[in-house]
Amino acid sequence: MKDFKRYIVTSALPYANGPVHIGHLAGAYLPADIYVRYLRMKGEDVLFVCGTDEHGVPITIRAKKEGIKPQEVVDKYHELIKKSFEEFGISFDIFSRTSNQIHHETAQEFFLNLYNKGVFVEETTQQYYDVRAEQFLADRYIVGTCPKCGNTNAYGDQCENCGSTLNPTDLKNPHSMLSGEKPVLKETTNWFLPLDAMQGEIKTYIDSRKNWKTSVLGQCNSWLTQGLQPRAMTRDLDWGVKVPIEGADGKVLYVWFDAPIGYISATKEYFQQRNDGRKTTTDNHVKSGGWEDYWKDEESCLVHFIGKDNIVFHCIIFPATLMAYNKGEARQFVLPENVPANEFLNLEGNKISTSRDHAVWLHDYLIDFPHRVDEMRYVLTSIAPEAKDSEFLWKDFQARVNNELADILGNYIKRVVDLVHRYCHGKVPDIHKTRKEIEEQFNTSETTLLLDKLIREFKFREAMFEVIDIARKGNQFLAETEPWKLIKTDAEKVNEILFKSLTTCLMLARHLYPFMPNTAKQIIHQLKLENDALDYYSPISNHLKYNHPINGSFIIFNKITDEEVEIQIQKLEDKKLSNAVEEMKDEKVSDGKAILPFKVTTTFDEFSKMDIRIGTILEAERVPKTEKLLKLLIDTGIDKRTVVSGIAEFYKPEDIIGKQVCILVNLAPRKIKGIESNGMILMAENSNGELAFINPSKEIDNGGSVK
RNA sequence: GGCGAGGUAGCUCAGAUGGUUAGAGCGCAGGAUUCAUAACCCUGAGGUCGGGGGUUCGACUCCCCCCCUCGCUACCA
């Protein structure tokens, strides 16, 4: 890997419409923090930025629901999220927010730059518009029947029941969440980033990234082979960064355009604060003077830590934006050097779900387990979903804390400290003859080299295992040398054993620091050393001096009791139960609620245009490679025609042959999956989206009309 | 349906370019020990490497088919 002069490290901007949970932490924040702490400890020039993403439709919806302003929503969650991260020791140099002035300016400048270069393709499209509310409807503001699963409360961008991604125009019976009205399609102009035209250079970029994770590269290549499509970078909405050009009133930048730019504005803000003297901490590891050093210097290494759901934005869209910006500029933005996306963390056998509250929220954990931050950091790192989805189980949490942290690591430290008190009067023993040798051995030890390799390859789980292994080996060493027996015959030898053990404790603290900073400091404290003892390159003899008195031992990790974890498990169970109750309530309510409002008044003439007949199904077969389509042959009394219908979920082909149905016969033909469909079978639908045929209550001749 | 990533001991996970008896930690069983949070240390049992074919002297590792999980993306007037 190339040697970089400095690093700019980002963690995905958490969305400010809710708190953060352990899945977020394990996916994008802890790994980044470990990486950054390690680099700092090695004396690298590194800047670590993050902040809340405060734009986009879900926030406006949440505000509306709670009857407050969007700004109030993001203010609340910005503070909560920021505090949670601070308490978990995520050591951002700055935790900013996209509602800041500086971000709006930066994002607008970005947009204008591309606009002036003629990068965007201006396109006028049809979007749903709510006439009564006098505004365009964002995808999330449109509710209708999910075309895939029949859920009547699907949103225009996604169905939360079946998880499908949707377009608003996919919805059946769409209606506006603002007024309940059926929305109308209306023209609007938006600016598109022509990713299709940029496909070549994006591919060249992706192809040059050999060391990326297979899952990340796989996902990118999947997008590339499917062919990139232009993507709108503006939206008709009033919450966000205003589109800075004339005639764009009521439009804001697409959140995914402005969010990654948030990394840049956060960097700018950092230096602004620093120059103002508003940054009080001494960030010695931030060695360069301005934001452009980090973003526009080819010797800067840009690393984005994200979850797998963000891959396309960080690996394709954001780099494309940067590439477009770079055209004709003297100083070029660097492109992401690596995007070590993690998979997802599951919880007690189920996906973590914000809406169902199936999660371990950071702020809750801090209340239930105060001063146990490192325990969570340890467990989440040891089960981090680095290569595949992984599972958080409270029982496993307990076992890891008790068996690994308390028994192996914590006990080892206490064991050594106690031995030194018992056999060396609580002072670092003098073994001047061999101490240099011991130090050198540690500085060039295989573990040190291995850890460096693993961390730079983002293999934090394995790296941390190696660190704990130091304690394991330390325990072995004591068991083999048995100083408690040797003390009777060879005090000199005991001194050497314990000096070695003390050195191991110090090295353990240093190696542990990126993963468990509090623990590292506690170890240092037991040895009665200052924090500068954690400096990777500081000679051990500067700290473990002859006759240096150490502190008395104390227990670093208390064991987690059965009761404690059972409470947590019960908590989740209770949530499940109350969710089930809620859902039942919802269903009852929705029996009334889900019934759509009547459509606008029509005329008899309009209705008469519909030629609805009675027909009989003669043949029925599944359309291959589809889930919901049946190909039907209908005898309409006048002809026999083919109709494709989305009813395969509810009817088996063999069961419906011979049934009579209502069919709209004068509907313009349409090709579906290559089959020409002539007409439409009329279906009745209940609130669960289940379909049923409408047929005459006594047999009617085929071709009989319905009026 | 298409694409991408996974499916390896009870649990959580490692296993470049195919090669002797498939690994680790925890858990479990047995032993040893007493300096330490009944901790530590040693030994051991446990796997037809999702299923089925194939290529090969030889496959967890390569090819084909199928099943399951997760993500992205479709069709359903």
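Hydrogens, waters and symmetry mates play no part in the numbers below; they use all other heavy atoms, side chains included. Here is how names work: the chains are called A, B, and so on, in the same order as the sequence lines, proteins then strands, and each is numbered from 1. The structure presented is a predicted model; accordingly, all values stated were derived computationally and were not measured.
- Listed pair R461(A) / rA14(B) meets the phosphate criterion, a side-chain N or O lying under 4.0 Å from OP1 or OP2.
- Comment: E482(A) engages K485(A) in a salt bridge, judged by a side-chain N to carboxylate O separation of less than 4.0 angstrom.
- Remark: P of rA32(B) and CD of E480(A) are 19 Å apart, rounded to the nearest angstrom.
- Nucleotides rU43(B) and rA32(B), compared at atom P, are 15 Å apart to the nearest Å.
- In this structure, K213(A) reaches neither bases nor backbone, as no heavy-atom distance under 4.0 Å exists between it and the strands shown.
- The base of rC35(B) does not come close enough to the side chain of R422(A) for any donor and acceptor atom to sit less than 3.5 Å apart.
- In this structure, I634(A) places its CD1 atom 14 Å from P of rA77(B), rounding to the nearest Å.
- Heavy atoms of Y412(A) sit nowhere under 4.0 angstrom from any nucleic acid atom.
- Straight-line distance between the C1' atoms of rC63(B) and rG18(B): roughly 13 Å, to the nearest whole Å.
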Legend entry - Audit row: R613(A), D611(A), salt bridge (Lys or Arg N to Asp or Glu O under 4.0 Å) steps and yes/no: CA-CA 6 Å; R613(A) 304 292 184 112; D611(A) 193 347; 2.6 Å; yes
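- In the set rC70(B), rU73(B), rA36(B), rU73(B) carries the atom at the smallest distance from any side-chain atom of W223(A).
- Using a 4.0 Å cut-off between charged side-chain N and carboxylate O, R372(A) and D374(A) make no salt bridge.
- Salt-bridge formation is detected for the pair K308(A)/E343(A): a Lys NZ or Arg NE/NH1/NH2 atom is positioned less than 4.0 Å from an Asp or Glu carboxylate oxygen.
- If you take CG of N402(A) and C1' of rG27(B), they are 13 Å apart, rounded to a whole angstrom.
- Under the Watson-Crick and G-U wobble criteria, each requiring two contacts below 3.5 Å, nucleotide rG71(B) is paired to rC3(B).
- Contact annotation: the side chain of P230(A) never approaches that of L195(A) to less than 4.5 Å [non-hydrogen atoms, C-beta and beyond].
- Dashed line: the shortest gap from a side-chain N or O of N475(A) to OP1 or OP2 of rA36(B) is not under 4.0 Å.
- Considering CG of D418(A) and OH of Y423(A), their distance stands at 10.5 Å, rounded to 0.5 Å.
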Inset, instruction - Please step through salt bridge (Lys or Arg N to Asp or Glu O under 4.0 Å) for the pair D407(A) and K559(A), ending with a clear verdict. - result: CA-CA 9 Å; D407(A) 290 352; K559(A) 299 210 177 181; 2.7 Å; yes
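- For the pair N551(A) and H525(A), the minimum side-chain heavy-atom distance is below 4.5 Å.
- Considering only side-chain N and O atoms, K388(A) lies under 4.0 angstrom from the phosphate OP1 or OP2 of rG7(B).
- rA22(B) and rU48(B) have their P atoms separated by 12 Å, given to the nearest Å.
- Classified by its glycosidic torsion, rG30(B) falls in the anti category, the angle being over 90° from 0.
- Taking the C1' atom of each, rC3(B) and rA9(B) are spaced 33 Å apart, rounded to whole Å.
- With the nearest nucleotide of RNA chain B identified for both E404(A) and K459(A), K459(A) has the one nearer the 5' end.
- Here rG25(B) presents its P atom at 22 Å from CZ of F397(A), a figure rounded to the nearest Å.
- Of all nucleotides listed (rG25(B), rG71(B), rC35(B)), rG71(B) comes nearest to the side chain of K308(A).
- Put simply, CD on E391(A) is 15 Å from C1' on rG10(B), counting in whole angstrom units.
- Of the C1' atoms belonging to rA16(B) and rC62(B), the separation is 15 Å, rounded to the nearest Å.
- With a cut-off of 3.5 Å on both pairing distances, rG58(B) has no Watson-Crick or G-U wobble partner at all.
- Atom C1' of nucleotide rC40(B) and atom NZ of K559(A) are separated by 11 Å, given to the nearest angstrom.
- Using Watson-Crick or G-U wobble geometry with both donor-acceptor distances under 3.5 Å, rA39(B) finds no partner in any strand shown.
- With a cut-off of 3.5 Å on both pairing distances, rG46(B) has no Watson-Crick or G-U wobble partner at all.
- With rounding to whole Å, D611(A) atom CG is found 16 Å from rA77(B) atom C1'.
- The shortest distance between the side-chain N/O atoms of K351(A) and the OP1/OP2 oxygens of rG71(B) is below 4.0 Å.
- Not one side-chain nitrogen or oxygen of S222(A) sits closer than 4.0 Å to the OP1 or OP2 atom of rA5(B).
- Considering CD1 of I487(A) and CH2 of W484(A), their distance stands at 12.0 Å, rounded to 0.5 Å.
- Distances were taken from every side-chain heavy atom of Q219(A) (C-beta onward) to each of rC41(B), rG71(B), rG25(B); the shortest belongs to rG71(B).
- Nearest nucleotide to the side chain of N411(A), out of rA36(B), rU12(B), rA77(B): rA36(B).
- The 5' end of RNA chain B is approached more closely, in terms of each residue's nearest nucleotide, by S382(A) than by the other of S382(A) and A406(A).
- Atom name P, nucleotides rC60(B) and rG51(B): the rounded distance is 11 Å, in whole Å.
- Comparing rC66(B) with rU56(B), their C1' atoms sit 23 Å apart, to the nearest whole Å.
- Note on I383(A): only backbone sugar-phosphate atoms sit closer than 4.0 angstrom, heavy atoms only; bases stay farther off.
- Side-chain atoms of A387(A) lie closest to rA14(B) of the nucleotides rU37(B), rA14(B), rU12(B).
- Regarding N346(A), its CG atom lies at a distance of 17 Å from the P atom of rG6(B), rounded to whole Å.
- Side-chain proximity of N403(A) to rG27(B), rU34(B), rU37(B): nearest is rG27(B).
- Here the separation of rG6(B) from rU61(B), taken at their P atoms, is 14 Å to the nearest Å.
- Between Q476(A) and rC42(B), a side-chain N or O to OP1/OP2 separation shorter than 4.0 Å is present.
- Pair assignment for rU12(B) gives rA24(B), based on Watson-Crick or G-U wobble hydrogen-bonding distances that are each under 3.5 Å.
- Here the nucleotide nearest the side chain of S390(A), chosen from rU12(B), rG71(B), rA24(B), is rU12(B).
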